[in-house]
Amino acid sequence: MNAIEITGLSKAYRGRPALRGLDLALAPGQIVGLMGDNGSGKTTLLKILAGVLADWDGDVRVAGHIPGPESKAVVSFLPDASFLPDAHKPADSIAQYARFFADFDQAKARQMIDFFGLPWDRTLKEMSKGMREKLQISLAMSRRAKVYLLDEPISGVDPASRDVILRGILSNFDEDALLLISTHLIQDVEQIVDSVLFLREGAVLLQGSADDLRAEHGVSLDALFRKVYAS
Ligand SMILES: Nc1ncnc2c1ncn2[C@@H]1O[C@H](COP(=O)(O)OP(=O)(O)OP(=O)(O)O)[C@@H](O)[C@H]1O
């Protein structure tokens, strides 16, 4: 069974289309890079898959479920904006996740927070943007989910931290799961993605295995992206 199966997905915001009859099938056991120019629909797609956006048309299945309470129990979504209360210290956020999600592994979260070298005695308000992102990634990746949806998880961090974060994601990724990661930093994620999905104007422009695309076009994914979107 595919981890994600979508047929004819359309979504409009006040009459303006954001997704236009998008079709997509993604098998489990891979890391997929979700790429596209500004406004191509990446965040909208992830929000629909996460079950936080309503009023769309089409057929969408995530781990076999229509987005809703059942899918949310097996889908770990990391939104692009900070979603934890400012007054929280890491232990408070761990406790909150443990209350919300039956599949949350507290020990793993503590391990990842230590791996990232985050301060246990600081509130989110007192952390830098990069620290907050690392904390949110630690929480999202510490669920034993079937599908992980990460929206721009490395956008706010320095290049060295990006590598640390990607290593943290990789080493905590269950090989049977699907991880869909949206980003503009293609060069950075190029090393960890198995396949890519290019969106343009709310539809799939190009999809395939990273190795096949590199071999077929003779360039890196980053160069391929620039070529495809320049035309
Ligand atoms: N809450 C909203 N209200 C109205 N229009 C929206 C809303 N969210 C997104 N849109 C529109 O939907 C389209 C797709 O936006 P979306 O955020 O999904 O794109 P994206 O690929 O994630 O873009 P970016 O790379 O800039 O983050 C855009 O035209 C955007 O203006």
Side-chain angles (χ1 to χ4, degrees), residues 3-26 31-62 66-68 71-72 75-84 129-130 132-134 136-137 140 147-159 161-162 165-166 169 178-190 192-193 195-208 210 213 220-231:
I4 289 176
E5 186 97 46
I6 299 175
T7 319
L9 173 61
S10 294
K11 163 76 188 169
Y13 295 101
R14 288 194 280 125
R16 249 200 327 254
L19 296 178
R20 307 165 190 251
L22 182 140
D23 297 321
L24 181 66
L26 294 175
I31 299 181
V32 180
L34 175 60
M35 295 149 190
D37 47 356
N38 291 128
S40 55
K42 301 179 295 295
T43 295
T44 302
L45 174 62
L46 291 177
K47 282 183 174 169
I48 290 171
L49 292 169
V52 299
L53 206 56
D55 293 333
W56 42 266
D57 293 312
D59 191 34
V60 177
R61 304 286 148 142
V62 188
I66 296 168
S71 72
K72 282 184 178 181
V75 172
S76 182
F77 175 46
L78 179 66
D80 63 349
S82 181
F83 58 91
L84 298 167
K129 187 174 175 190
R132 281 196 296 271
E133 293 206 8
K134 285 173 180 163
Q136 297 187 155
I137 287 167
V147 176
Y148 297 85
L149 307 169
L150 311 183
D151 197 359
E152 291 277 0
I154 53 170
S155 60
V157 296
D158 65 81
S161 292
R162 277 179 220 154
I165 288 180
L166 291 174
I169 289 174
L178 169 71
L179 195 151
L180 187 54
I181 176 170
S182 91
T183 186
H184 293 295
L185 299 165
I186 301 175
Q187 225 174 353
D188 291 289
V189 300
E190 178 135 14
I192 72 157
V193 295
S195 67
V196 291
L197 181 64
F198 285 2
L199 291 193
R200 179 188 261 172
E201 293 182 0
V204 176
L205 179 64
L206 190 66
Q207 187 192 352
L213 286 171
S220 67
L221 294 176
D222 190 65
L224 179 62
F225 183 93
R226 288 165 202 265
K227 196 167 121 191
V228 163
Y229 286 87
S231 58

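Each ligand, and each atom within it, is numbered from 1 in the order the structure gives.
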Fill in: Heavy atom of protein closer than 4.0 angstrom to atom 31 (O) of ligand 1
no
Response to the item:
Under 4.0 Å between heavy atoms, the region of H184 that gets near ligand 1 turns out to be side chain
Worksheet entry | Protein residue, atom and distance nearest to atom 26 (O) of ligand 1, heavy-atom basis | N38 ND2, 2.9 Å
Worksheet item: Would one find more than 12 heavy atoms of other residues, nucleotides or ligands at under 6.0 Å from atom CG of D55?
Response: no
Practice prompt. Please write down residue, atom name and distance for the protein heavy atom closest to atom 19 (O) of ligand 1.
Written response: G41 N, 3.3 Å
Worksheet item: Do protein heavy atoms approach atom 13 (C) of ligand 1 to less than 4.0 Å?
Response: yes
Worksheet item: Of the protein's non-hydrogen atoms, which lies at the shortest distance from atom 29 (O) of ligand 1, and what is that distance?
Response: G39 O, 4.1 Å
Worksheet item: Which residue holds the protein heavy atom closest to atom 9 (C) of ligand 1, what is that atom called, and what is the gap in Å?
Response: Y13 CE1, 3.3 Å
Discussion item. For the OH atom of Y13 and the CG atom of L19, what is their distance to the nearest 0.5 Å?
Written reply: 7.0 Å
Worksheet item: How many angstroms lie between CG in L149 and CD1 in I48, if you round to the nearest 0.5 Å?
Response: 11.5 Å
Worksheet item: Which residue holds the protein heavy atom closest to atom 18 (O) of ligand 1, what is that atom called, and what is the gap in Å?
Response: T44 OG1, 2.5 Å
Worksheet item: When the ring planes of F225 and F198 are compared, do they come out parallel, tilted or perpendicular, using 30° and 60° as the limits?
Response: perpendicular
Worksheet, complete the sentence: among protein heavy atoms, the one nearest atom 17 (O) of ligand 1 is T43 CB, 3.7 Å
Worksheet entry | Reference residue I181; test side-chain contact (heavy atoms from CB on, under 4.5 Å); the match among L46, L34, I31, D151 | I31
Practice prompt. May I ask you to identify the nearest protein heavy atom to atom 25 (O) of ligand 1, giving residue, atom name and distance to one decimal place in Å?
Written response: K42 NZ, 2.7 Å
Response to the item:
Given the options V32, L199, V196, L197, Q207 meets side-chain contact (heavy atoms from CB on, under 4.5 Å) only with L197
Worksheet item: Between CG of L185 and CD1 of I154, what distance do you get to the nearest 0.5 Å?
Response: 5.0 Å
